[in-house]
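Working notes, beginning with the structure itself.
In each ligand, atom 1 is the first atom listed, and ligand 1 is the first ligand listed. Bear in mind that the values here come from a model prediction, so they are computed numbers and not experimental data. Along the sequence shown, the residues carry numbers beginning at 1.
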Amino acid sequence: QFPFGRRLPCDIYWHGVSFHDNNIFSGQVNKFPGMMETVRKITLSRAMRTMQDLFPLEYNFYPRSWILPEELPLFVAEVRMMKDRNPSWKPTFIVKPDGGCQGDGIYLIKDPSDIRLTGSIQSRPAVVQEYICKPLLVDKLKFDIRLYVLLKSLEPLEIYIAKDGLSRFCTEPYQEPTLKNLHQVFMHLTNYSLNIHSGNFIHSDSVNTGSKRTFSSILCRLSSRGADVKKLWSDIISLVIKTIIALTPELKVYYQSDIPAGKPGPTCFQILGFDILLMKNLKPILLEVNANPSMRIEHEQELSPGVFENVPSPVDEEVKVAVIRDTLRLVDPQKKKRKDAHLSFHTYLLIFPVQVQSLHAQIAGMKDKQHKHHSLKLSLKLKFYLKPGSSPSAEQAPGAGEELPEAALPSLCLKQVFPKYAKHFSYLRLVDRVAALFIRFLGVKGTTKLGPTGFRTFIRNCKLSNSNFSMAAVDILYIDITRRWNSMGIDHKESRMCLQAFVEAFFCLAQRKYKSLPLHDQVASLIELCECRLAALHGKRLVWGCG
Ligand code: ADP
């Protein structure tokens, strides 16, 4: 712990909320720059929309969404059109404020005219989304799944999924939404932070009862009812990989800005919380991605009015301890050296205060003896390395001389899904390649926005202008799209182009050039053309350079 600042470099930095320290030049940080911004409700919805435009069938696991206030007219018009087409369609929508969490400010509506646009909370930017009316119920209750996903590396992409997760239950029996029950949060919203206040909330003392259970206990139940659990898992894995593929372009732009290529810097990894709802037919639906999922393994219990005590939660412990333990095992920087040298090394771990307490609490709360044994070693090392002023040495550290053989640890709960299944998903990584073009023309290091000169250079180097599309038209395209995107953002004075605006401009260019093809073919063709022309230009420059 370095509450007053850090002097020595560390192997692993465990930040509490986000990547925020630009003075790290080596090691690994547990957060990616820009992850918080990338998974916010509006940004996520935009990224998913782009992928839905390109690959509608592959991305039908994310509910149709509109961004408020700017897409309100579009929302009204599209709903009217769908109702005209299908008069028996009686939809419900859920409005979620951007940047909100724990169900904060969320409400359900039956008609676009019910959107609350006045008042301070109501006028916040938000996402309005089709409400999934027929969720799978267990014990007549709606529930959602929290799955932990480790993004171990962005380039090359490496994704792991925890084999178990949490199922968080509503506390009122579910009924399909009607005007009468729309406001009943304990029936419609599965947030733990809301349902804990219901008189019906049951703190689980085992993993398969109560209002929070392990996902594996639900799978067991489904399997005993004859459900195809294997197919469900494979659908979930595919949802996770596709979602991360949708997020990587934006993440790469942030990454190069904070950790420019070629300069010394840390690498990053991050544990993400995926919130997934299962439909009655077992189709998984993505609700949201959490950049900073709670790793608490105890809950508060009110002993007497106003007096609270932290009590261990076996369900959280079962799932979360394994996720943290295995994340550390996977990112352990000394693992390779240890394997090579058969020597005993230690990992220096820098943990921010909240996590230290939480880790200690987790270790203290462990019931399972084997877990306790392994975690005790971790605890000893942590205590030792976190002791102020002490420099680590094998003599001083209790238990530090012995190394825990990998074979003695429980098998990994984190399962690699990418690159393992890369060949099934690589064709979806088109926007990644558009982002690579964007980054190439950014010019100034440390920026995330493209200036007009950069855009012109991109057009020129890729030879995209001609007699039908003059450089003046290029400038107009740049100004039009950039102005619209910036008017939607927080910084209205910003005049340069963000990645999403570039992607929109790129799609426009592709549609203009390859008129008769479907969108993803248009975009793929233009990417290939640009990559080819840039490679040729690079080749020429090399030849001239030599000559
Ligand atoms: P928050 O970040 O505030 O928790 P979520 O997007 O997770 O926001 O939504 C809160 C809860 O609302 C979810 O846990 C889920 O129970 C319910 N919910 C969210 N979106 C939908 C949807 N499209 N259909 C059905 N239920 C939803």
Is there a donor-acceptor contact under 3.5 Å linking the side chains of Y62 and S45?
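Present: a donor and an acceptor within the cut-off.
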Taking C-beta and beyond as the side chain, do [X] and [Y] meet within less than 4.5 Å on heavy atoms?
{"X": "R296", "Y": "D316", "value": "no"}
{"X": "F55", "Y": "I245", "value": "no"}
{"X": "F61", "Y": "M48", "value": "yes"}

Per-residue contact class, Q102 against ligand 1 - non-hydrogen pairs under 4.0 Å
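Only the backbone of Q102 comes within reach of ligand 1.
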Under 4.0 Å from ligand 1, counting heavy atoms only, is it the side chain of L277, its backbone, both or neither?
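Side chain only.
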Distance, nearest 0.5 Å, that separates [atom1] of [X] from [atom2] of [Y]:
{"X": "F502", "Y": "T482", "atom1": "CZ", "atom2": "OG1", "answer": "10.5 Å"}
{"X": "I42", "Y": "I67", "atom1": "CD1", "atom2": "CD1", "answer": "6.0 Å"}
{"X": "T171", "Y": "L141", "atom1": "OG1", "atom2": "CG", "answer": "8.0 Å"}

Option among K41, K96, R168 that satisfies the salt bridge (charged side-chain N to carboxylate O under 4.0 Å, His left out) test with D275:
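Exactly one candidate clears the test, R168.
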Please list the nearest protein heavy atom to [atom] with its residue and the distance rounded to 0.1 Å.
{"atom": "atom 3 (O) of ligand 1", "value": "G103 N, 2.7 Å"}
{"atom": "atom 19 (C) of ligand 1", "value": "K96 NZ, 3.4 Å"}
{"atom": "atom 24 (N) of ligand 1", "value": "I132 N, 2.8 Å"}
{"atom": "atom 14 (O) of ligand 1", "value": "T190 OG1, 2.8 Å"}
{"atom": "atom 11 (C) of ligand 1", "value": "N191 OD1, 3.3 Å"}
{"atom": "atom 12 (O) of ligand 1", "value": "L189 CD2, 3.2 Å"}
{"atom": "atom 9 (O) of ligand 1", "value": "I106 CD1, 3.6 Å"}
{"atom": "atom 21 (C) of ligand 1", "value": "L287 CD2, 3.5 Å"}

Counting from 1, what ligand 1 atoms have a heavy atom of [X] closer than 4.0 Å?
{"X": "K41", "value": "1 (P), 2 (O), 3 (O), 6 (O), 8 (O)"}
{"X": "D144", "value": "14 (O)"}
{"X": "G100", "value": "2 (O)"}

Return yes when R168 approaches ligand 1 closer than 4.0 angstrom through a heavy atom, no otherwise.
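Contact absent.
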Min N/O separation K142 to ligand 1 under 3.5 Å
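Looking only at distances, the answer is yes, because the N/O contact criterion of under 3.5 Å is met.
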Is D235 salt-bridged to K231, going by a charged N under 4.0 Å from an acidic O?
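Looking at K231 together with D235, the answer is yes, because their closest N to O distance falls below 4.0 Å.
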Pick one: which of T447, T38, T248, I439 meets side chain to side chain contact (heavy atoms under 4.5 Å, CB included) with V253?
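The side chain to side chain contact (heavy atoms under 4.5 Å, CB included) with V253 is passed solely by I439 among T447, T38, T248, I439.
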